[in-house]
Amino acid sequence: MITTISNDDFNKLVRFIHSQYGIDLSQKRQLVTSRLSSLLTQKGYTGFGPFVADLLRRQDPGDMELVLNRLTTNYTFFMREQEHFDFFMGTIMPELVKKHQRDKVLAIWSAGCSSGEEPYNISINIKEFLGSQANQWDTRVLATDISQKALASAKRGVYELPDTIPPAWKKKYFQPVPGGKQYMVAPIIRDNVIFQTFNLMDPIKFRLKFDVIFCRNVMIYFDQPTKDALMRRFYDALAPGGYFMISHSENLSKNSPFTTVAPSTFQKK
């Protein structure tokens, strides 16, 4: 097992991943060596030197995908940080329905959607709020992630559901997979989510300004300057009055242009 990496190779790898993906690994040397050592062995490398040299020279998307999947944790679940969804249903959705009564188009983005539970959860909440009027609205949720592996899992939409899922939801929005404990997201919800590969370090140039952006448990991997720059891009991507939600374990800097309206929930005034 390869357990050591030279200072030079570590710094090269850290700089490259930070410049391309915004992820700050400068204080994660042990994590880098422990999580990548088996990958090196699988690929036939005897040390980090040749591996880092090849990775930076080739910049092969498949290899980078493997590295990023090892170094970040794609962990999420339905009903995560329920307070956000309570605010979404109690405050945001009533505002949006009133605002978009004419065009009947909602623009909501799940940035860093991982394995898909968050955008499906958002979509279910929208359907629940609109009820019988849902088919009159364009409520499609944009869900992006940098990981092709995570997006492939999200598109399949097959999960073991937690006990926190309301029984009525399980009946309406999920279909049991034969021979196991898993459930598949029903087409009415799965077809309401648009999955797309997107690197949050890239310029945000989507067609519509967003009413709501969820970006939860994503910026924990970024250093402060990267967070500040991304926050500004999110701010610019929101429509006036739009909402921005981050995880309860995250914070925005003091010079944030957003107004705080609820725990970990901000608004573009």
Side-chain angles (χ1 to χ4, degrees), residues 9-29 31-32 35-36 39 51-52 54-76 107-116 118-119 141-154 194-210 212-239 242-247 249-253 255-258 264 266 268:
D9 289 329
F10 177 70
N11 290 331
K12 285 179 181 176
L13 183 62
V14 166
R15 284 196 298 269
F16 176 74
I17 290 179
H18 183 267
S19 67
Q20 297 296 311
Y21 307 103
I23 298 171
D24 180 16
L25 298 168
S26 59
Q27 306 300 316
K28 302 289 180 66
R29 189 180 187 121
L31 180 144
V32 169
R35 293 195 179 182
L36 293 185
L39 178 62
F51 172 77
V52 171
D54 286 347
L55 188 72
L56 272 59
R57 177 173 55 84
R58 297 172 182 166
Q59 297 189 28
D60 178 76
D63 288 342
M64 288 310 309
E65 172 93 1
L66 290 173
V67 169
L68 292 175
N69 284 337
R70 295 293 180 99
L71 296 177
T72 59
T73 304
N74 291 312
Y75 174 68
T76 186
I108 298 174
W109 179 15
S110 170
C113 68
S114 188
S115 49
E118 179 179 270
V141 176
L142 174 66
T144 67
D145 203 277
I146 198 170
S147 170
Q148 296 283 353
K149 181 180 178 181
L151 288 174
S153 176
I194 301 168
F195 289 104
Q196 186 173 324
T197 306
F198 186 73
N199 184 344
L200 289 174
M201 295 303 100
D202 291 342
I204 299 173
K205 295 181 178 179
F206 295 109
R207 183 174 61 88
L208 296 176
K209 294 289 187 180
F210 292 99
V212 189
I213 297 175
F214 288 77
C215 186
R216 304 187 300 170
N217 297 289
V218 175
M219 294 191 292
I220 54 175
Y221 296 108
F222 302 156
D223 59 19
Q224 196 59 52
T226 303
K227 290 179 187 177
D228 290 344
L230 178 58
M231 177 188 62
R232 171 55 66 177
R233 292 200 297 279
F234 279 141
Y235 186 87
D236 292 340
L238 281 167
Y243 290 90
F244 177 49
M245 292 186 176
I246 62 175
S247 167
S249 63
E250 300 171 295
N251 294 294
L252 297 186
S253 61
N255 61 352
S256 163
F258 287 101
S264 306
F266 308 90
K268 178 177 180 177

### Between SG on residue Cys113 and CG on residue Leu151, distance to nearest 0.5 Å
5.0 Å

### Task
Check side chain to side chain contact (heavy atoms under 4.5 Å, CB included) between Asp54 and all other residues, then give those that pass, not counting sequence neighbours.
Tyr45, Arg57, Arg58

### Query
Would Asn251 and Met219 satisfy side-chain contact (heavy atoms from CB on, under 4.5 Å), going step by step from the backbone distance to the final call?
CA-CA 9 Å; Asn251 294 294; Met219 294 191 292; over 6 Å; no

### Query
Can you name the closest pair of heavy atoms from Glu65 and Gln148 and give their distance?
OE2-N, 2.6 Å

### Query
Does some side-chain heavy atom of Lys268 sit less than 4.5 Å from a side-chain heavy atom of Pro257?
no

#### Entry: For Ser247, side chain to side chain contact (heavy atoms under 4.5 Å, CB included) partners two or more places apart
Glu81, Arg216, Asn217, Ser249, Glu250

## Note on the structure
CG (Asp9) and CG (Leu56) are apart, to the nearest 0.5 Å, by 9.5 Å

### Message
How long is the straight-line distance from CD of Glu118 back to OG of Ser110, given to the nearest 0.5 Å?
### Response
3.5 Å

### Task
Show your working on side-chain contact (heavy atoms from CB on, under 4.5 Å) between Phe198 and Asp145 and close with a plain yes or no.
CA-CA 5 Å; Phe198 186 73; Asp145 203 277; over 6 Å; no

### Pairing residues for Gln20 by the side chain to side chain contact (heavy atoms under 4.5 Å, CB included) criterion, not counting sequence neighbours
Phe16

### Task
Specify the closest pair of heavy atoms between Gly116 and Phe195, including all atoms of both residues, with the distance to one decimal.
CA-CE2, 4.3 Å

### Summary of salt bridge (Lys or Arg N to Asp or Glu O under 4.0 Å) pairs that have at least one residue in residues 10-22, sequence neighbours excluded
Asp8-Lys12

### Message
Can you list everything that forms a side chain to side chain contact (heavy atoms under 4.5 Å, CB included) with Val14? Sequence neighbours excluded, please.
### Response
Phe10, Leu25, Ser26

#### Entry: Non-hydrogen side-chain atoms of Ser256 and Tyr235 separated by less than 4.5 Å
no

#### Entry: Any side-chain donor near an acceptor of the partner, Thr144 and Gln196, under 3.5 Å
no

#### Entry: From Lys28 atom NZ to Ile23 atom CD1, the distance as rounded to the nearest 0.5 Å
10.0 Å

Hey, can you pull the donor-acceptor pairs under 3.5 Å for the side chains in residues 203-210, sequence neighbours left out?
residue	atom	partner	partner atom	Å
Lys209	NZ	Asp236	O	2.5

### Message
I'd like to check His18 versus Tyr221 (side-chain heavy atoms, cut-off strictly below 4.5 Å). Are they in contact?
### Response
no

#### Entry: Results of side-chain hydrogen bond (donor to acceptor under 3.5 Å, both in side chains) for Asn255 - residues two or more places apart only
Ser253

#### Entry: Non-hydrogen side-chain atoms of Phe258 and Met231 separated by less than 4.5 Å
yes

### Message
Going by the rule ring pair (Phe, Tyr, Trp, His ring centres under 6.0 Å), which residues pair with Tyr21 if we only count those two or more places apart in sequence or in a different chain?
### Response
none

## Note on the structure
Distance col, row Ile108:CD1 vs Ile213:CD1, nearest 0.5 angstrom, shows 11.0 Å

### Query
Would you say Asp24 and Thr226 make side-chain contact, with heavy atoms under 4.5 Å?
no

### Task
Taking all non-hydrogen atoms of both residues into account, name the closest pair between Arg70 and Arg35 and its distance.
O-CD, 2.8 Å

### Message
Could you tell me if the side chain of Leu200 sits less than 4.5 Å from the side chain of Ile146, heavy atoms only?
### Response
no

### Query
Do any pairs count as a salt bridge (Lys or Arg N to Asp or Glu O under 4.0 Å) and have a residue in residues 219-231, sequence neighbours left out, and if so which ones?
none

#### Entry: Non-neighbouring partners of Arg233 that pass side-chain hydrogen bond (donor to acceptor under 3.5 Å, both in side chains), sequence neighbours left out
none

#### Entry: Distance (rounded to the nearest 0.5 Å) between Asp202 CG and Thr197 OG1
11.0 Å

### Query
At their closest point, which heavy atom of Leu55 faces which heavy atom of Leu13, and how far apart are they?
CD2-CD1, 3.7 Å

### Query
Listed by chain and number, what are the ring pair (Phe, Tyr, Trp, His ring centres under 6.0 Å) partners of Phe234, not counting sequence neighbours?
Trp109, Phe244

